[in-house]
**Q** 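My structure is below; once you've seen it, I'll send some questions.
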Amino acid sequence: MEQQTTGTVSSNDSAQPSNVADGQQPTNGTAAQDMAQAPALQPKNNKKRNWIIATIVILLLIIGGASYYIISSNAASQEEMAYEVLENNDNPQDYRDFLEKYPNSEHANEVRQRLNTLEAMLSKWQSISLSDNVNDFINFKNTYSDIQYGRLCDIKIDSLDYITAQKLGTPEAFQRYLDAHPDGRYASEASIAQGTLRDQEVSDDERIQIMNIVTDFYNGFAAQDESKICTNIASTMKTFLHQHNASKATVLSTIQGMFNEHIQSVQFTVNRDFQIKKNSNGSYIATFSVDQHIERDNEGKTFGQYKCSAVIDPQLLITSLTMDEISRQ
């Protein structure tokens, strides 16, 4: 009889676990093989993790360095800005604030020196600010090279030089001011004053004419010469001695009343202190002194000295005359 093979299971086939057919994980030889392969994946994962950590560290270093650089740059920038604020700065507190905030700055020594100079300068200015001596401000300007206070010195020098020109009151004085301050605050006023004074300057010919008129009048006064008196005076004098709006007749009668029978002769001498100014209307003001010598036959005044002021109009006639006695014998 022939042996049947159908449905027969070999001993080898029967050794296979039944759960293989069901799709379950093998628990014997196959599982051991899988577990042996697992450790081979760990080195690759560790390497990746190390790269990630290294990248993070590098990024942190970059960010930290950049932050430090930005902070440092910003601090340096602020220090430079604070230093630049001190340029042409005359406020001592700003210098003190800088030194307090940046004591180790490379500019600290310089700022400290500038502060000392500034404080000395301000103290000196305080002592001279009200001075009327122009040399105080010239010396200050030469000592301290400060823009703001240099301008203040220029203003003071300008003002004091103009005051000096006004006090002297001559065309030459105003010209000196204009030479020193061609663009000065008072250049216009000085130019006008100078022009006015030059218009008022008296020429040598005018001076001689006026002195002759005054001398001739006093000669007529001494001699009671009505013709000489009237020739040299206006028809109505604004002032004669202490009389106002005096006519020629009033002048003559006043002079006659100053003489009596005991006075034998009178002589007037116009002294050399004769000063003449010319007014803008063309008239002249003459100031001078006169000595009066009197000869008489009795006791009484024999000498008198007078301070006189006379106004002479453009027609060279005396319109006003005052005589104030300053001594007598």
Side-chain angles (χ1 to χ4, degrees), residues 166-171 196-329:
Q166 284 183 308
K167 288 180 178 178
L168 295 174
T170 64
T196 300
L197 288 171
R198 283 178 173 168
D199 290 340
Q200 295 174 356
E201 285 184 320
V202 179
S203 67
D204 291 340
D205 289 342
E206 289 173 317
R207 181 178 297 276
I208 292 171
Q209 283 182 303
I210 291 170
M211 290 183 66
N212 288 340
I213 290 167
V214 172
T215 300
D216 197 44
F217 169 81
Y218 275 103
N219 288 338
F221 190 152
Q224 298 183 68
D225 185 332
E226 294 183 357
S227 176
K228 280 189 176 183
I229 293 171
C230 292
T231 299
N232 292 293
I233 63 175
S235 57
T236 300
M237 295 184 68
K238 184 176 180 180
T239 303
F240 178 67
L241 304 183
H242 297 291
Q243 300 183 65
H244 299 288
N245 299 320
S247 64
K248 288 185 177 182
T250 301
V251 172
L252 293 173
S253 64
T254 301
I255 291 174
Q256 289 174 358
M258 298 172 69
F259 290 84
N260 58 49
E261 67 275 10
H262 298 289
I263 297 176
Q264 297 176 333
S265 68
V266 175
Q267 180 182 356
F268 286 103
T269 302
V270 178
N271 295 315
R272 295 184 177 181
D273 56 355
F274 211 95
Q275 299 293 324
I276 305 173
K277 291 184 178 180
K278 189 175 182 180
N279 293 324
S280 58
N281 62 4
S283 63
Y284 304 86
I285 299 176
T287 56
F288 51 93
S289 63
V290 170
D291 293 341
Q292 180 189 34
H293 299 273
I294 303 172
E295 291 185 7
R296 56 194 313 142
D297 61 7
N298 67 341
E299 295 293 328
K301 177 181 174 181
T302 59
F303 174 82
Q305 188 176 58
Y306 302 88
K307 182 179 180 180
C308 306
S309 178
V311 178
I312 298 93
D313 66 15
Q315 288 72 43
L316 301 179
L317 296 174
I318 301 172
T319 62
S320 178
L321 176 66
T322 60
M323 297 174 62
D324 296 318
E325 189 175 66
I326 55 179
S327 67
R328 63 156 55 201
Q329 292 178 5

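Along the sequence shown, the residues carry numbers beginning at 1. In this text the structure is predicted, and so the values were computed from the model without any measurement.
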**Q** Under the side chain to side chain contact (heavy atoms under 4.5 Å, CB included) rule, what do Ile255 and Ile229 come out as? Steps first, then yes or no, please.
**A** CA-CA 10 Å; Ile255 291 174; Ile229 293 171; 3.6 Å; yes
**Q** Starting from the C-alpha separation in whole Å, work towards a yes-or-no answer on side chain to side chain contact (heavy atoms under 4.5 Å, CB included) for Phe303 and Ser327.
**A** CA-CA 8 Å; Phe303 174 82; Ser327 67; 4.0 Å; yes
**Q** Looking at Gln209, Arg207, Glu206, which hits side chain to side chain donor-acceptor pair (under 3.5 Å) with Tyr284?
**A** Glu206
**Q** Go through the structure and list residues passing ring-ring contact (aromatic ring centres under 6.0 Å, His included) with Tyr306, not counting sequence neighbours.
**A**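 For Tyr306 there are no ring-ring contact (aromatic ring centres under 6.0 Å, His included) partners, ignoring immediate neighbours.
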**Q** Suppose we screen for side-chain hydrogen bond (donor to acceptor under 3.5 Å, both in side chains). Which residues come up paired with Ser289, at least two apart in sequence or across chains?
**A** Asn271, Asp273
**Q** Please check if any side-chain donor atom of Glu226 sits under 3.5 Å from a side-chain acceptor atom of Gln256, or the reverse.
**A**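 Note: Glu226 and Gln256 side chains meet the donor-acceptor criterion.
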**Q** Hey, is NZ on Lys248 packed in by over 12 heavy atoms from elsewhere, all under 6.0 Å?
**A**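 Enclosed.
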**Q** Can you list the steps and then say if Thr302 with Arg296 is a side chain to side chain contact (heavy atoms under 4.5 Å, CB included)?
**A** CA-CA 7 Å; Thr302 59; Arg296 56 194 313 142; 4.2 Å; yes
**Q** Using every non-hydrogen atom in the two residues, find where Ile213 and Asn232 come nearest and quote the distance to one decimal.
**A** CG2-OD1, 3.7 Å
**Q** As an exercise, state the distance from CZ of Phe268 to OG1 of Thr215, rounded to the nearest 0.5 Å.
**A** 12.5 Å
**Q** Write down the atom of Ser280, the atom of Gln200, and the distance for their closest heavy-atom approach.
**A**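 Looking at all heavy atoms of both residues, the shortest contact is N-NE2, 4.1 Å.
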**Q** Any side-chain heavy atom of Cys308 sitting closer than 4.5 Å to one from Thr322?
**A** no
**Q** With no hydrogens and no angle check, just 3.5 Å: does a side-chain donor-acceptor pair link Thr250 and Ser253?
**A** no
**Q** Taking the side chain as everything from C-beta on, heavy atoms only, tell me whether Phe274 gets closer than 4.5 Å to Val214.
**A**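 With C-beta onward as the side chain, the pair touches.
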**Q** Give a yes or no answer on whether the side chain of Asp216 reaches the backbone of Asn212 with a donor-acceptor pair at less than 3.5 Å.
**A**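 Absent.
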**Q** Assess whether side chain to side chain contact (heavy atoms under 4.5 Å, CB included) is satisfied between Ile263 and Val266, documenting all intermediate values.
**A** CA-CA 8 Å; Ile263 297 176; Val266 175; 3.6 Å; yes
**Q** Which pairs would a plain distance check flag for residues 233-243, meaning a side-chain donor or acceptor within less than 3.5 Å of a matching protein atom at least two apart in sequence or in another chain?
**A**
| from | atom 1 | to | atom 2 | distance (Å) |
| --- | --- | --- | --- | --- |
| Gln243 | NE2 | Thr254 | OG1 | 2.6 |

**Q** Parallel, tilted or perpendicular: which fits the ring planes of Phe221 and Tyr218, with parallel below 30° and perpendicular above 60°?
**A** parallel
**Q** In Å, rounded to the nearest 0.5 Å, how long is the span from CD of Glu325 to CD of Gln292?
**A**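 With rounding to 0.5 Å, CD (Glu325) is 8.0 Å from CD (Gln292).
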**Q** Quick check for you: to the nearest 0.5 Å, what is the distance between Gln264 atom CD and Asp297 atom CG?
**A** 5.0 Å
**Q** In Å and rounded to the nearest 0.5 Å, what is the CG to CG distance from Asp225 to Asn219?
**A**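 Taking CG in Asp225 and CG in Asn219, the distance rounds to 9.5 Å.
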**Q** Determine the minimum heavy-atom distance between Gly220 and Lys228, stating which atoms define it.
**A**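 So the minimum-distance heavy-atom pair works out to CA-CB, 3.8 Å.
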**Q** Measuring from atom CD of Gln305 to atom CG of Asp291, what distance do you get when rounded to the nearest 0.5 angstrom?
**A** 4.5 Å
**Q** Rounded to the nearest 0.5 Å, how far does CD1 of Ile318 lie from CG of Asp313?
**A**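 Separation between the atoms: 9.5 Å.
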**Q** Whether the side chain of Ser283 engages the backbone of Asn279 through a donor-acceptor N/O pair (distance < 3.5 Å, no angle test) should be reported.
**A** no
